[in-house]
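We count ligands from 1, going down the list as the structure has it; atoms in each ligand are counted the same way.
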Amino acid sequence: MWFKSITMFYTMRYFFTLLLVILSTLKPGLSSATIFNVLNYGAVGDGRINDSPAFLKAWKDVCKSKSDTSQLIIPAGKTFLLRPIAFNGPCNSNNIYIQLSGNIVAPATKSEYSGSHLNTWIGFSFVNGLIISGKGTIDGRGSMWWKQPCLGNPSPGTSCRPPTAITLNRCNGFKLKDYKSINPARSHITLTNCIKGIITNLKLIAPGESPNTDGIDISSSKEIQVRDSIIATGDDCIAISAGSSLINITGITCGPGHGISIGSLGARGESDIVEDVHVKNCTIIETLNGVRIKTKQGGGGFARRITFEKIKFVRANNPIIIEQFYCIKPMICPNKTQAIKVSDVTFKWILGTSLTDKAINLNCDQNVGCSNIVFDHVYVQSAVPGMKVFSFCHNAHGTATHTKPKPFCLLK
Ligand SMILES: *[C@@H]1O[C@H](CO)[C@@H](O)[C@H](O)[C@H]1NC(C)=O
Ligand SMILES: *[C@@H]1O[C@H](CO)[C@@H](O)[C@H](O)[C@H]1NC(C)=O
Ligand SMILES: *[C@@H]1O[C@H](CO)[C@@H](O)[C@H](O)[C@H]1NC(C)=O
């Protein structure tokens, strides 16, 4: 009897739950998504009035909302001017959805950045389950920052330090998709300390000559996928630096730009580790470098288990590089006995043309060296009629099969 009523209870509860699920799919009112439109918080969207206060007010409600999905709507047909702004968590919902249908522009003058100590124009911190998605454009209006004479200085003052367009710091389980970013003052996107994230179908665009406009900077982050995006910019299309692992990059068209880069590593000593990086099905067009691993002298970390496969180069300068003596200015980096270990690096199914004669450059340290470097089906031809391409190979160990120009320090 007792057993029967318990069974009955569960059966009824089951049907009741089922009913609720069915109802909630029929009637949006029952589903638990809550929507906050920036226009309801006083945002104007004329591209001139500072909409940051309105966005922050809306964000407060988005972040406070306990619903399953909390949505911030940035409506189409408008352009919102934002001064430097920090969207901070933690939030109550684990699905924070920002619908970027409208456009966002940065201030037109530097004075509108004053008082901000952010390294970024738009920052997200400690927001889990953040999705930014939509057809909007984010315009960093970077050109006024690019012209500064102090940019060549290795440690410029804050007034000279251009801000990244978007930074995600400690945002786990994020997704960035479908939008376009143009002309950032510095990088388009910087990821720091994020675990699990997907970047897909973005367009990151800036002039080839704009300084330091990396496409995507990934540091101290894990389990990140970057897919199906177009990156045409002034510096690295994607740069993966210390503390990053399990990074997959596929379907990227890169160029102009400086290619896809791991490093530079070596500034932080033992903790400079990058591992398990997979770059696949990418086209690299007229870039300064193609794919490279660059480490500085000194330090004791690793760059390991890195694969580049199915890469196509079109008139790239310096298509393939492993550099253990990386230095911005050759005179200021003395050679040291320590170096970052580079190992288990595979280049396979790579085709294309080089604008310089040094198509493959493996320049490794004699003490530490590069080990288990594997080339398989790598063919790089000259893009310049009459020019011959060659491989430079110094202290690299591993194998090269079906590869031209062959790195002679590798075994067959
Ligand atoms: C990354 O790619 C590797 C090799 O293709 C695959 O095994 C792994 O599951 C991928 N990881 C992610 C997070 O997509
Ligand atoms: C390779 O990347 C291109 C974009 O550059 C994409 O259109 C294509 O579907 C990708 N192929 C595979 C097999 O993933
Ligand atoms: C360090 O050693 C490398 C390889 O021998 C050499 O090319 C480079 O010029 C050296 N750098 C300095 C600053 O001595």
Side-chain angles (χ1 to χ4, degrees), residues 172-178 191 194-205 215-216 218 221-232 237-238 240 244-255 257 259-260 262 264 266 274-287 290-291 294-299 304-314 316 318 321-340 342 344-352 358 361-370 374 376 392-396 409:
N172 297 340
F174 70 84
K175 199 167 194 179
L176 307 180
K177 59 182 231 181
D178 302 333
L191 307 176
C194 296
I195 302 174
K196 285 192 201 299
I198 299 176
I199 294 178
T200 182
N201 202 29
L202 298 191
K203 287 197 180 78
L204 309 179
I205 314 289
I216 303 168
I218 303 173
S221 294
K222 292 199 283 209
E223 294 177 58
I224 308 295
Q225 298 178 43
V226 183
R227 297 195 306 238
D228 305 325
S229 294
I230 294 170
I231 307 176
C237 287
I238 299 175
I240 301 167
S244 300
S245 58
L246 298 165
I247 311 294
N248 282 8
I249 295 169
T250 58
I252 303 300
T253 302
C254 161
I260 296 174
I262 292 173
S264 61
V274 169
E275 54 192 4
D276 299 302
V277 176
H278 214 102
V279 181
K280 192 172 170 181
N281 184 32
C282 295
T283 302
I284 296 180
I285 306 168
E286 293 182 355
T287 51
V291 293
K294 51 181 180 177
T295 71
K296 294 177 179 167
Q297 286 284 293
R304 61 187 176 193
R305 297 195 296 272
I306 295 163
T307 301
F308 299 96
E309 68 175 307
K310 297 188 179 150
I311 309 291
K312 184 174 178 196
F313 295 113
V314 180
N318 315 304
I321 300 176
I322 297 178
E323 175 61 81
Q324 272 184 326
F325 300 96
Y326 180 71
C327 187
I328 301 170
K329 292 196 178 123
M331 305 319 293
I332 60 171
C333 314
N335 281 337
K336 305 216 172 121
T337 51
Q338 288 251 64
I340 303 285
V342 176
D344 309 300
V345 181
T346 299
F347 299 89
K348 65 179 175 191
W349 300 104
I350 294 178
L351 268 183
K358 204 194 275 183
N361 181 14
L362 311 176
N363 189 17
C364 300
D365 180 275
Q366 65 177 10
N367 301 314
V368 176
C370 304
V374 175
D376 185 27
F392 178 84
C393 194
H394 193 65
N395 296 319
C409 64

**Q** Distance under 4.0 Å, heavy atoms only, partner ligand 1: which residues pass?
**A**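 Close residues (ligand 1, cut-off 4.0 Å): Q225, N248, H278.
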
**Q** Taking the side chain as every heavy atom from C-beta outward, state whether F308 and V277 have any pair of such atoms under 4.5 Å apart.
**A**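 Result no, sub-4.5 Å side-chain heavy-atom pair not found.
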
**Q** Going by heavy atoms, is D228 under 4.0 Å from ligand 2?
**A**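 Distance cut 4.0 Å: D228 fails for ligand 2.
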
**Q** Just jot down the ligand 2 atoms closer than 4.0 angstrom to any heavy atom of T253, in number order.
**A**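 Selected atoms, number and element: 5 (O).
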
**Q** Any chance the SG atoms on C254 and C282 come in under 2.5 Å?
**A**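 No, C254 does not link to C282 through a disulfide.
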
**Q** Would you indicate whether the side-chain heavy atoms of N335 and F325 approach each other to under 4.5 Å?
**A**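 A side-chain contact exists here, since the closest heavy-atom pair is under 4.5 Å.
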
**Q** Could you check if a side-chain atom of I238 sits within less than 4.5 angstrom of a side-chain atom of I252, using non-hydrogen atoms only?
**A**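 Of all side-chain heavy-atom pairs linking I252 with I238, at least one is under 4.5 Å.
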
**Q** Do V279 and T307 touch side chain to side chain, with heavy atoms closer than 4.5 Å?
**A**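 A side-chain contact is absent here, since even the closest heavy-atom pair is not under 4.5 Å.
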
**Q** Under a 4.0 Å N-O cut-off, is there an ion pair linking R305 with E275?
**A**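 Yes, R305 and E275 are salt-bridged.
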
**Q** Side chains of N363 and Y326, heavy atoms from C-beta outward: is any pair under 4.5 Å?
**A**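 No, side chains not in contact.
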
**Q** So, is N363 polar-close to ligand 3, with some N/O to N/O distance under 3.5 Å?
**A**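 No: no nitrogen or oxygen of N363 is under 3.5 Å from one in ligand 3.
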
